[in-house]
Amino acid sequence: MLIRVKKTSDPAAGDITPESVYVNRRQFIAAAGAALGTVVIGDVKAGDAPAPFDVSPGYRVQVRPGYQKLGPTDTVTIPFSVFAYNNFAEFGPEKGDPAANSGNFNPRPWKIAVDGLCAKPGTLDLDDFLKPHTFEDRIYRLRCTETWSIVVPWVGISLAAALKRFEPLGSAKFVRFETVLRPAEMPGQKTSALVWPYVEGLRLDEAMHPLSMLAVGMYGQVLTNQNGAPIRLVVPWKYGFKSAKSIVRISFTEVQPTTSWNLRIPNEYGFWANVNPNVDHARWSQANERRLGEFMRRPTLMYNGYADEVASMYAGMDLVKNF
Ligand SMILES: Nc1nc2c(c(=O)[nH]1)N[C@H]1C(S)=C(S)[C@@H](COP(=O)(O)O)O[C@H]1N2
Ligand SMILES: [Mo]
């Protein structure tokens, strides 16, 4: 397995580090475009390198392309929108709050605990958690339940591969994801917007689905704090709130986990939250959406356009009742 981790003193277009993003946004947008053209060098085994996806300035790891299917009218959202317009209640309620208030958040060092119904539970440093895995560029649509949407080139690992390593038991039926609890660095956690920490959950087969991923980067760069550094869930056929950010704990459970938004507003945030243009939100239609950067609204697609891949998991399920 060949890996390229470059230390650059004069970065080429694809090697702009997050630090430079704040210095030169125009240059970064160009860089993000170039990053999408990343050359395949082979399967990247993070274990071949001293640091798999190092946040140090000047490092960048090559990754292999994963799922890249876009619809005929989909274009990748410009990174500026994705970095500036966020939902991350830990940093405040407004769309600009996560970018404005996450500057003091420390995504390294980072540990992840995997526990519950599995044969090999453990708490690992993030680098050790990532080490055995292949990094992939995957381009997915993300549809927020509030009706805005984006198209993001993520960098990350297969959630299924990450979970299998801990050997879930036959009794495990669900997977629970927990965000870090750090009120000193996350001002929103000093408010009662949600019951903290933020918790989300998936049925085991959903978590094991090949589309489900743990992202550590986007646009070929490490995740920004406001987008969920250093590691977040991405489940592209479900409303965005299912994709928990800044994860510190993953637990295999027998019963369906209690989840933050469902606990807060149960009639608006269901556990399943599969994107469905035919099932309205309690206060608005989900039939169409506003893609950031586009003028006209566009129709929302069943399962956010991933029906071919995921619909079979919900065969026979009442999608109105199980919203
Ligand atoms: N921990 C945590 N994760 C979270 C949220 C949050 O408030 N806290 N918001 C969710 C919602 S509602 C959406 S739409 C997506 C937005 O991801 P983005 O800001 O990277 O676009 O993150 C999800 N993950
Ligand atoms: Mo959302």
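Start at 1 and go down the list; that is how both ligands and their atoms are numbered.
Phe91 has its ring centre less than 6.0 Å from the ring centre of Phe105. Aromatic ring centres of Tyr306 and Trp237 lie farther apart than the 6.0 Å criterion allows.
Atom 24 (N) of ligand 1 has as its closest protein heavy atom Ser243 O, 2.9 Å. The protein heavy-atom contact nearest to atom 9 (N) of ligand 1 is Asn87 O, 3.2 Å. Summary of contacts: the protein heavy atom closest to atom 8 (N) of ligand 1 is Glu90 OE1, 2.8 Å. Protein heavy atom closest to atom 7 (O) of ligand 1, with residue, atom name and distance, is Ala89 N, 2.7 Å. Lys245 NZ, 3.4 Å is the protein heavy atom nearest to atom 18 (P) of ligand 1. From the protein, the heavy atom lying nearest to atom 21 (O) of ligand 1 is Ile150 CD1, 3.5 Å. Counting only heavy atoms of the protein, atom 20 (O) of ligand 1 lies nearest to Arg232 NH1, 2.6 Å. Taking atom 23 (C) of ligand 1 as the reference point, the nearest protein heavy-atom neighbour is Gly240 O, 3.2 Å.
By the criterion of a heavy-atom distance under 4.0 Å, both the backbone and the side chain of Asn86 are placed next to ligand 1.
The residue among Tyr198, Tyr85, Phe241 with a heavy atom at the shortest distance from atom 5 (C) of ligand 1 is Tyr198.
Ligand 1 lies out of reach of Ser246, whose nearest heavy atom is not under 4.0 Å from it. Contact analysis leaves Glu200 out of contact with ligand 1, as no non-hydrogen atom separation drops below 4.0 angstrom. Put simply, part of Trp148 is less than 4.0 Å from ligand 1, judged by heavy atoms. Ligand 1 has no atom lying under 4.0 Å from any heavy atom of Val82.
With no hydrogens or angles considered, no side-chain donor-acceptor pair links Glu200 and Thr179 at under 3.5 Å.
For ligand 1, the atoms closer than 4.0 angstrom to any heavy atom of Thr179 are 1 (N).
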